[in-house]
Amino acid sequence: MAKQRVLITGGAGFLGSHLCEKFLDKGYEVIVMDNLLTSTIDNVSHLFGHDNFTFIKYNVVNYIYVEGKIDLILHFACPASPIDYIKHPIHTMKVDSLGTLNSLGLAKIKKSRYVFASTSEIYGSARIHPQKESYWGNVNPVGPRSVYDEAKRFSEAMSMAYHRKYNIDVRIARIFNTYGPNMRPDDGRVVSSFIVNALQNKPIEVFGDGSQSRSFCFVDDLIEGIFRLSVHDNLNGEIFNLGNPEEIKIIDLAKLIIEITGSKSEIIYKELPEDDPPARKPDIDKAKKIIDWQPKIGLKEGLKKTIDYFKKMIEP
Ligand code: UDP
């Protein structure tokens, strides 16, 4: 049987780069398109020279074409950390509208299965807790985070439109906070920022009073979830929360990272960004039942692995 071919947009990013490794390990031919706006070639440079790996530096906002068959498209291109998408608001909106349109168009021509990287942000400042896939969300359509949240919501709507109109085998992954190796040390996300500052004994900046919560999933667990969602049959038009339901307040995360690193950092408090969701936790019952997936790596264990990664990066 001919090799399965997967196109990963954003394949040099944090999640994309782990997906490249996963699919190569599983014997797929992997083609990456990435314009390296918020990602880095360093995440995939070790794969150059691999027979089944092709990297194309390309902005998927423009018309996409790839020769030959494509069995699976994973649309993961998009700035994903709040400081990145607020810095690149128009590109963020383009990559999750025009980029989604182009990649869905390619899926239609190539009869590919299509997995869209959505986000827990589509739930906004959720009024139900934990969040189930059936919840419609509570998003400010004009706030600073709207460039990301509304683009992701639009992409979900467009994916479902292609599914309904053209019978594309679409699957939507609503990805909750994820952390681990290949995050950029300066991406501004909470886990990377706290670890990088703790390792250098610099102040740890907690936004607001730190009582807001998140639920953090280690990247290996998340990637296994995306893989299962991608290869499982009969999931056309299905939506899955993927994340770790282990919830923690941001202040407690700061204390935990100080404890694990043995840091001398002090905690300082900064203003809470506008529309920062007060709580977030996935209900993953659907993923458990249908794709037999749940995270295996607890927060402490995952943080230790991530700390080791950043240590090597900061103190080579
Ligand atoms: N946060 C913080 N200090 C930081 C970065 C983030 O206190 O240096 C808080 C932020 O206000 C939010 C949470 O940590 O409540 C998670 O932020 P992140 O940017 O990682 O992702 P989000 O879940 O908000 O998309």
Side-chain angles (χ1 to χ4, degrees), residues 13-15 38 76 78-89 92 96 117-126 129-131 137-140 143-153 173-219 222 241-258 261 263 265-282 299 302-303 306-307 310 314:
F14 166 44
L15 297 181
T38 58
F76 274 65
C78 189
S81 97
I83 62 157
D84 283 347
Y85 59 70
I86 288 169
K87 186 172 167 198
H88 302 290
T92 298
D96 267 334
S118 190
T119 167
S120 54
E121 278 285 314
I122 69 109
Y123 298 125
S125 289
H129 193 78
Q131 293 80 50
N138 176 38
V139 170
N140 175 354
R145 296 173 87 103
S146 65
V147 296
Y148 185 69
D149 302 7
E150 295 294 6
K152 289 288 183 188
R153 289 173 69 95
R174 291 190 182 146
I175 301 168
F176 284 64
N177 295 66
T178 303
Y179 67 99
N182 296 6
M183 293 183 98
R184 279 195 350 255
D186 63 346
D187 75 357
R189 286 193 263 210
V190 69
V191 173
S192 37
S193 303
F194 284 5
I195 292 178
V196 168
N197 285 354
L199 288 174
Q200 300 174 102
N201 296 311
K202 289 185 181 160
I204 287 185
E205 297 181 350
V206 167
F207 299 161
D209 63 3
S211 64
Q212 71 274 29
S213 74
R214 296 290 187 274
S215 307
F216 295 99
C217 187
F218 187 65
V219 65
L222 196 276
N241 284 340
L242 294 178
N244 190 327
E246 193 183 339
E247 188 180 5
I248 186 169
K249 289 187 190 331
I250 295 304
I251 183 67
D252 294 332
L253 178 73
K255 290 176 184 164
L256 183 60
I257 288 175
I258 288 174
T261 52
S263 172
S265 294
E266 57 164 340
I267 293 175
I268 59 171
Y269 293 87
K270 289 267 169 103
E271 200 179 332
L272 188 68
E274 199 180 332
D275 294 336
D276 198 287
R280 197 184 274 155
K281 172 180 170 164
L299 184 58
L303 285 175
T306 312
I307 289 164
F310 280 120
I314 293 170

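Start at 1 and go down the list; that is how both ligands and their atoms are numbered.
- In this structure a side-chain-to-backbone donor-acceptor pair under 3.5 Å is missing from Lys281 to Ile248.
- By the criterion of a heavy-atom distance under 4.0 Å, neither the backbone nor the side chain of Ile83 is placed next to ligand 1.
- Checked against a 3.5 angstrom limit, the closest N/O atoms of Val206 and ligand 1 fall outside it.
- Numbered from 1 in the order shown, with element, the atoms of ligand 1 that lie under 4.0 Å from a heavy atom of Glu205 read 2 (C), 3 (N), 4 (C), 7 (O), 8 (O).
- Residue contacts with ligand 1 include Pro82, since one of its heavy atoms falls under 4.0 Å from the ligand.
- In this structure, the side chains of Tyr269 and Ile251 come closer than 4.5 Å at one or more pairs of heavy atoms.
- Summary of contacts: the protein heavy atom closest to atom 10 (C) of ligand 1 is Asp276 OD2, 3.2 Å.
- Contacts of Ile250 with ligand 1, taken as heavy-atom pairs under 4.0 Å, involve the side chain alone.
- Within the 4.0 Å heavy-atom cutoff, Ser120 does not count among the residues contacting ligand 1.
- Inclusion of Arg145 in the set of residues having an N or O under 3.5 Å from an N or O of ligand 1 is warranted.
- Ligand 1 has no N or O atom lying under 3.5 Å from any N or O atom of Arg189, backbone or side chain.
- Screening Glu274, Glu150, Glu121 for a side-chain hydrogen bond (donor to acceptor under 3.5 Å, both in side chains) with Arg145, the sole residue that qualifies is Glu121.
- The option from Asp149, Val190, Leu272, Asn197 that lies nearest to atom 17 (O) of ligand 1, judged by heavy atoms, is Val190.
- Judged by the shortest distance from any of its heavy atoms, Lys270 lies outside the 4.0 Å radius around the atoms of ligand 1.
- Although no hydrogens or angles enter the test, the distance criterion places a donor-acceptor pair under 3.5 Å between the side chain of Ser81 and the main chain of Asp187.
- Taking a cutoff of 4.0 Å between a charged side-chain nitrogen and a carboxylate oxygen, Arg189 and Asp84 do not qualify as a salt bridge.
- A donor-acceptor contact under 3.5 angstrom links the side chains of Tyr123 and Asn241, judged on distance only.
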